[in-house]
Peer 1: 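Before we start, here is the structure in question, set down as structure tokens.
Naming: A, B, ... by sequence-line order, numbering from 1 per chain.
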Amino acid sequence: MAAAGAAEGFPRSARIRKRADFLRVQQRGKKLSSGPLVALVLPTAGPTARLGLTVSSKVGNAVVRARVKRLLREVFRRRRLACPPVELVVIARPAAGAATAAELTAAFSSLLSTLQRASR
RNA sequence: GGAGUGGCCCGGGUGAACGCUGGCUUCAGGCUGGUACAGCCUGGGGCGGGAGGAAAGUCCGAGCUCCACAGGGCAGGGUGCUGGUUAACGACCAGUCGGCGCGAGUCGCAGGAAAGUGCCACAGAAAAGAAACCGCCCCGGUUCGCCGGGGUAAGGGUGAAACGGUGCGGUAAGAGCGCACCGCGUCCAGGGUGACUUGGACGGCACGGCAAACCCCACCUGGAGCAAGAGCCAAUAGGGAGGCUGUCCGCCCCGCGAGGGACGGACCGGGGUUGCCCGCCCCGAUGCCUCCGGGUCGCUCGCUGAGGAGGCCCCCGGGCAACCGGGGCCCUAGAGGAAUGUUCGCCGCGCGGCAGGACGCUCUGCCGCGAACAGAACUCGGCUUACAGGGCCACUCCGGCG
RNA sequence: CGGGGCGUAGCGCAGCCUGGUAGCGCACCUGCCUUGGGCGCAGGGGGUCGGAGGUUCAAAUCCUCUCGCCCCGA
């Protein structure tokens, strides 16, 4: 176990995939925001953090939405094991469609940093 | 060389690191059944696969799936020159006719206006089956200003459009009144599968426009859509399925009777016949009997390894072509809160600047910037729309040189 | 996947079905009224009718294609 590649992996178990899970986090989670992003955080009993993304059609067409999700997933993949075990739902506001990759990365990174500080 | 027309193609390449996804294989752990072993789940390793020309819009057509369907009529919807291609189409090809263009070409919802109804604003006398405002001509009257009656439709004027056009003859003035040509209609002959076309004869003109107005005619048309649909099935709740039973009348049977049962008809209410009607079919408040299954979340299948109405700037044959037949080669991803990504190099492409060779076309080097439109969601055939940059082919017109 | 609606002046809407003049309210400008402002009265300006093509003598209106926005159902 614990192969070298697992440090930056992003397996299916680290994703929120059920509508019920999304609704639970959105109703009971704590709300944070940074720029074009809104995050809802709920502590979990699982071993690691899990991420779910919500990017509606207000953000842009399919290409723009996919780009936003891939960028956010990439940031989360790099820092996943450094995060406390929470369930995290990130909602992209319409401004996220027009944001550059650097802006989105910075916004999500600051969100993750405040999360890590709060858990200590 | 310049201007243009039509069509086709490409849609960056390569390497490394870290990731994602589904297939095959292998290892470890667990569960079920268990003799070997098989199946499933979780995690790791290896191998090879992983967006488009439009995947988009969802404007048409089909496959596939489920539902409905005795039959008849009416409605609704769609298409609309002809012939063909196709699984099918509103698509495509070829042609006909008409518009535009010198031309290559291009555009066209392009049936019927003597089946009927309706509309044609303003202007104009008159907007559809006739009429006569200014006129022109004749006759009568006259106070010489003109008035009355009749003929006419050439000219003026209005309008988008005025009941064939031009010319000659003719006439009181005129008029298809007569003639020639053109247009129109009918008939005949030739060509063509056909739309249509060519020629001739006859007719003296009848049929203004609008059907992307209602409509008529011809042909086509059941509804929904992979969240279709099929299977397994937790918690919770306790229901779900099947059969009988409505009211009245007639008649028959059983019974002493109350009553019960069978048949036929009518009626009431509800439902089905996925628009309506006829017709047809089913059901009945309460209650009784029999059976144990129905279904939500979730999961699996449908779903893409085997079939594809699949591609080929491959070949052969048929056809003007769309396309068809045969052979060869090749391709084919399968997610499910939804993968195909991120970072860093090198090469290639375009634009701009600088320097050098060079009259110029252009070549070399360096630097900077840029690289679009857009993401599979059951699968195909079309159409439409978006798109940085690049390449190829055929043809037309104009100019120059030989 | 399927269905519906909207786009007309700076804003909110009529007009479209049944073709011929684009209009209403608020806002804007000018004048009157008032010491001044508001209110009120009178007058005025302003619209490629989302875009392209077509039918027609004539199109906001009819037809076709297209762009954008909003809503609904499974």
Peer 1: Donor-acceptor pairs are to be reported for all side-chain atoms of residues 49-57 of chain A against protein atoms at under 3.5 Å, with residues two or more places apart or in another chain.
Peer 2:
unit_1: A:Arg50; atom_1: NH1; unit_2: A:Glu87; atom_2: OE2; d: 2.6
unit_1: A:Arg50; atom_1: NH2; unit_2: A:Arg15; atom_2: O; d: 3.1
unit_1: A:Ser56; atom_1: OG; unit_2: A:Lys58; atom_2: N; d: 3.2

Peer 1: Round to a whole Å and report the spacing from CG of A:Leu104 to P of B:G341.
Peer 2: 18 Å
Peer 1: Measure the distance from CZ on A:Arg15 to C1' on B:G341 and round it to the nearest whole Å.
Peer 2: 12 Å
Peer 1: What is the glycosidic conformation of B:G174: syn, defined as within 90° of 0, or anti?
Peer 2: anti
Peer 1: So which nucleotide does B:C303 pair with, by the Watson-Crick or G-U wobble rule with both distances under 3.5 Å?
Peer 2: none
Peer 1: Which is it for B:G101, anti or syn, if anything within 90° of zero counts as syn?
Peer 2: anti
Peer 1: What residues from residues 26-35 of chain A pass a heavy-atom cutoff of under 4.0 Å to RNA chain B?
Peer 2: none
Peer 1: Just label B:A175 as syn or anti from its O4'-C1'-N9-C4 or O4'-C1'-N1-C2 angle, using within 90° of 0 for syn.
Peer 2: anti
Peer 1: Sequence neighbours excluded and cut-off under 3.5 Å, please list the side-chain donor-acceptor pairs for residues 60-72 of chain A, or say none.
Peer 2:
unit_1: A:Asn61; atom_1: OD1; unit_2: A:Val63; atom_2: N; d: 3.3
unit_1: A:Asn61; atom_1: OD1; unit_2: A:Val64; atom_2: N; d: 3.1
unit_1: A:Arg65; atom_1: NH1; unit_2: A:Gly60; atom_2: O; d: 2.9
unit_1: A:Arg67; atom_1: NH2; unit_2: A:Ala99; atom_2: O; d: 2.7

Peer 1: Check for a donor-acceptor pair, side chain of A:Thr100 on one end and backbone N or O of A:Glu103 on the other, with a separation under 3.5 Å.
Peer 2: yes
Peer 1: Quote, to the nearest angstrom, the C1' distance that separates B:C41 from B:G334.
Peer 2: 22 Å
Peer 1: Using both distances under 3.5 Å as the test, list the Watson-Crick or G-U wobble partner of B:C47, or none.
Peer 2: B:G23
Peer 1: Select base, sugar-phosphate, or nothing to describe what A:Phe10 touches, counting heavy atoms under 4.0 Å on all strands.
Peer 2: sugar-phosphate
Peer 1: Of the options B:G341, B:C20, B:A339, whose atoms approach the side-chain atoms of A:Arg73 most closely?
Peer 2: B:A339
Peer 1: Taking only side-chain N and O atoms of A:Lys58, does any of them lie within less than 4.0 angstrom of OP1 or OP2 on C:C70?
Peer 2: yes
Peer 1: Can you work out whether A:Val89 or A:Arg67 has the more 5'-proximal nearest nucleotide on RNA chain B?
Peer 2: A:Val89
Peer 1: Dot-bracket, 5' to 3', for RNA chain C please: Watson-Crick or G-U pairs under 3.5 Å, [ ] where pairs cross earlier ones, | where the partner sits on another strand, dots elsewhere.
Peer 2: ((((((((.[[[[.)....(..]]]].(((((.......))))).....[[[[[..)....]]]]]))))))).
Peer 1: Closest-nucleotide mapping onto RNA chain B: is A:Leu51 or A:Glu74 further toward the 5' terminus? I mean the 5' end.
Peer 2: A:Leu51
Peer 1: Taking only N/O atoms, report every protein-nucleotides 369-376 of chain B pair under 3.5 Å with atom names and distance.
Peer 2:
unit_1: B:G375; atom_1: OP2; unit_2: A:Val63; atom_2: N; d: 3.4

Peer 1: Would B:U300 be called syn or anti here, given the cut-off of 90° from 0?
Peer 2: anti
Peer 1: Residues sharing A:Val89's hydrophobic cluster, by side-chain heavy-atom contacts under 4.5 Å among ILVMFWY, directly or via others?
Peer 2: A:Ile16, A:Phe22, A:Val25, A:Val38, A:Leu40, A:Leu42, A:Ile91
Peer 1: Using the side-chain heavy atoms of A:Arg77, tell me which of these nucleotides is nearest: B:G337, B:G341, B:C20.
Peer 2: B:G341
